[in-house]
Number of protein chains: 2
Amino acid sequence: MSGTETYDPSKYPPIAVTVDIVLLTIIQDSLAALLIRRGAEPFKDSYALPGGFVQPDETLAAAAARELEEETGARGMHLEQLGTYGDPGRDPRMRVVSVAYLALIPNPPEVVGGSDATSAEWSPVASFLDSTLPETPSLLAFDHSRILRDGVDRARGKLEYTGLATAFCPDEFTVGELRRVYEIVWGVDLDARNFHRKVTGTLGFLEPTGEMTTRGGGRPAQLFRQGPTQSLNPPILRPSPTVI
Amino acid sequence: MSGTETYDPSKYPPIAVTVDIVLLTIIQDSLAALLIRRGAEPFKDSYALPGGFVQPDETLAAAAARELEEETGARGMHLEQLGTYGDPGRDPRMRVVSVAYLALIPNPPEVVGGSDATSAEWSPVASFLDSTLPETPSLLAFDHSRILRDGVDRARGKLEYTGLATAFCPDEFTVGELRRVYEIVWGVDLDARNFHRKVTGTLGFLEPTGEMTTRGGGRPAQLFRQGPTQSLNPPILRPSPTVI
DNA sequence: GCAAAAGTGTTCGGTGTACACCCATGC
DNA sequence: GCATGGGTGTACACCGAACACTTTTGC
């Protein structure tokens, strides 16, 4: 009845708290996510998002970063909270509330694990999002398909009005490489000339390093670093995907 | 080490899971939040967001809706997940992970509680957001100031590209009333003529009821209902707040 | 009549879009 | 030369900002 009593923390219901991570990167011109092949029931042999219990003395973000480092060895990549998933029954063993995080890492990413009981691999996200594709494992364990989709949606949306795309690029990158990130994540074609004007014209968004590169062929291109401006106003408009 | 072992749910760390709710409404041309005066330690006599434990058999959203109904008697308002706050030490008694929800309710809202041990009241959010104002309780209990600020930020942002503003309006409303929501939540002045053209010109955003009203004085205005289109593209641009 | 709010029409400037065109490299 | 990608210039359409103007009520 009273709010005070319900806050007595000595008799809280038994609920486990975990983190799950949607780690995205770009491999071979495709958006890919890190997935773990489960070695035990439930959902044995299914794929699942990497994750684990939150330890008593670490923040939620620290738990996500720790799990990421355990699986990939990588640190310091972009990491943001995505949402929390806690429906009763989402884990058949007990009530588990999972705080999902979205992480992005530039390519080429580390190749991970292998001969362990649980092996991690990069999988193109298209097979898990587009239900019309009859790919091998079209569903993930637990509610992880939903979490993965939410993560991809978040990444796609934030490209429009933030500098998030640079999280897919190495420290120094060309405008063309940045544009390719947008094209791959959104699944559209962008006009290279207008895109160039847009991102170089937004003051503070890109910082020229002064260096040039000729990787990728063609005329040498300027190298840029991420600038201080992380909000893109006006946003980069996402064309409707090229359908049918 | 292995991901499988860390998922064994029989030995999860003891963490309590709660929901906290940022319930916003508009009172007397100001954005206001529902706050609870705490009757017990810690933070006795401080204000806090309404909330409570998640019960074993309810979803997170259901827990938020239940707490809301307990405090206000209201049901069916807009309710969305805001984020999860779980830093160690945010509650001095034990480790508590709290899933925050954002709720919006049209005015005039119910007057709540009063003579109980815990009393609920509506407070203008300005005093908790603008640190230059020396209002009475400039800080909330726990990390609730941060949560409240995040909730207000979320509401402000979503007005731009969604129909969220209608959640502050009764079922039927005029274009002028909708505009006043934007002006109050954003703290700006909008051009009534351009706003009118914008919202009535976006197909599916507003549905005319056919009725007219003259409440508010002046020429009678059409009454509208929320239409099926909940995404606003192009968005309503938020002018930079009228400062200095 | 006057005030107040609802709507409509119009002008102007900025910006996204499409595309022609030139530049600099590797082969 | 030719292909490839980098980068600039330009014309057009569209849209938001500003604001003049008309409409319809209450007092």
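Throughout, a chain's letter reflects where its sequence line sits, starting with A, and its residues are numbered from 1.
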Undergrad: Heavy atoms, side chains only, cut-off 4.5 Å: are A:F173 and A:L206 in contact?
TA: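 Side chain of A:F173 against side chain of A:L206, heavy atoms only: contact under 4.5 Å found.
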Undergrad: The side chain of A:R193 is closest to which nucleotide in this list: C:dG16, D:dT8, C:dG7?
TA: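 Closest nucleotide to the A:R193 side chain: D:dT8.
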Undergrad: Which nucleotide in the list D:dG6, D:dG26, D:dG7 gets nearest to the side chain of A:Q222?
TA: D:dG7
Undergrad: Could you tell me the separation between the CZ atom of B:R238 and the P atom of D:dA17, rounded to a whole number of Å?
TA: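 That distance rounds to 14 Å.
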Undergrad: Is there, by distance only and without an angle test, a donor paired with an acceptor across the side chain of B:R219 and the base of C:dA5 below 3.5 Å?
TA: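 In this structure, the two groups form no donor-acceptor pair.
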Undergrad: Looking only at heavy atoms, what is the nearest atom pair of A:V175 and A:T200, with distance?
TA: CG2-CG2, 4.1 Å
Undergrad: When the distance from NZ of A:K198 to P of C:dA18 is rounded to whole Å, what number comes out?
TA: 15 Å
Undergrad: As a test of understanding, state which of B:V22, B:I36, B:L23, B:V19 forms a side chain to side chain contact (heavy atoms under 4.5 Å, CB included) with B:L49.
TA: B:V22
Undergrad: Do A:F128 and A:L35 have side chains that approach each other closer than 4.5 Å (heavy atoms only, starting at C-beta)?
TA: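 In contact.
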Undergrad: Using the closest heavy atom to pick a nucleotide of DNA chain D for each, name whichever of A:N194 or A:R180 lands nearer the 5' end.
TA: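 By nearest-heavy-atom nucleotide position, the 5'-most residue is A:R180.
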Undergrad: CZ of A:F195 versus P of D:dG5: gap in Å, rounded?
TA: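 Roughly 16 Å, once rounded to whole Å.
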Undergrad: Taking atom types as modelled, find out whether B:Y85 and B:D150 have a side-chain donor-acceptor pair closer than 3.5 angstrom.
TA: yes
Undergrad: Give a yes or no answer on whether the side chain of B:S46 reaches the backbone of B:L140 with a donor-acceptor pair at less than 3.5 Å.
TA: no
Undergrad: Rounded to the Å, how far apart are B:L232 CG and D:dC15 P?
TA: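 My rounded result for the distance is 14 Å.
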Undergrad: Which whole-number value in Å describes the distance from B:I236 CD1 to D:dC15 P?
TA: 15 Å
Undergrad: Which angle, to the nearest 10 degrees, lies between the helix axes at the two ends of the helix from C:dG1-D:dC27 to C:dC27-D:dG1, each defined by five pairs?
TA: 0°
Undergrad: Please identify which of these residues, A:I105, A:L102, A:L68, meets the side chain to side chain contact (heavy atoms under 4.5 Å, CB included) condition with A:L79.
TA: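 That would be A:L68; it is the only one of A:I105, A:L102, A:L68 passing the side chain to side chain contact (heavy atoms under 4.5 Å, CB included) with A:L79.
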Undergrad: Is A:H196 close enough to D:dG7 that one of its side-chain N or O atoms is under 4.0 Å from OP1 or OP2 there?
TA: yes
Undergrad: So for A:R197 and D:dG9, does any side-chain atom that can act as donor or acceptor lie under 3.5 Å from a complementary atom in the base?
TA: yes
Undergrad: Between A:D191 (CG) and D:dG7 (C1'), how many Å, whole number?
TA: 12 Å
Undergrad: Specify the separation, in whole Å, of atom CG of B:D189 and atom P of D:dA17.
TA: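 It is 14 Å, rounded to the nearest whole Å.
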Undergrad: Could you state the atom-to-atom distance from CG of B:N233 to P of D:dC15 in whole Å?
TA: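 In whole Å, D:dC15 P and B:N233 CG are 11 Å from each other.
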Undergrad: Using a cut-off of strictly less than 4.0 Å, decide whether B:R179 has a side-chain nitrogen or oxygen near OP1 or OP2 of C:dA6.
TA: yes
Undergrad: For A:L237 and for B:P220, locate the closest nucleotide of DNA chain C by heavy-atom distance; then report the residue assigned to the nucleotide nearer the 5' terminus.
TA: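 Its nucleotide being nearer the 5' end, the pick is B:P220.
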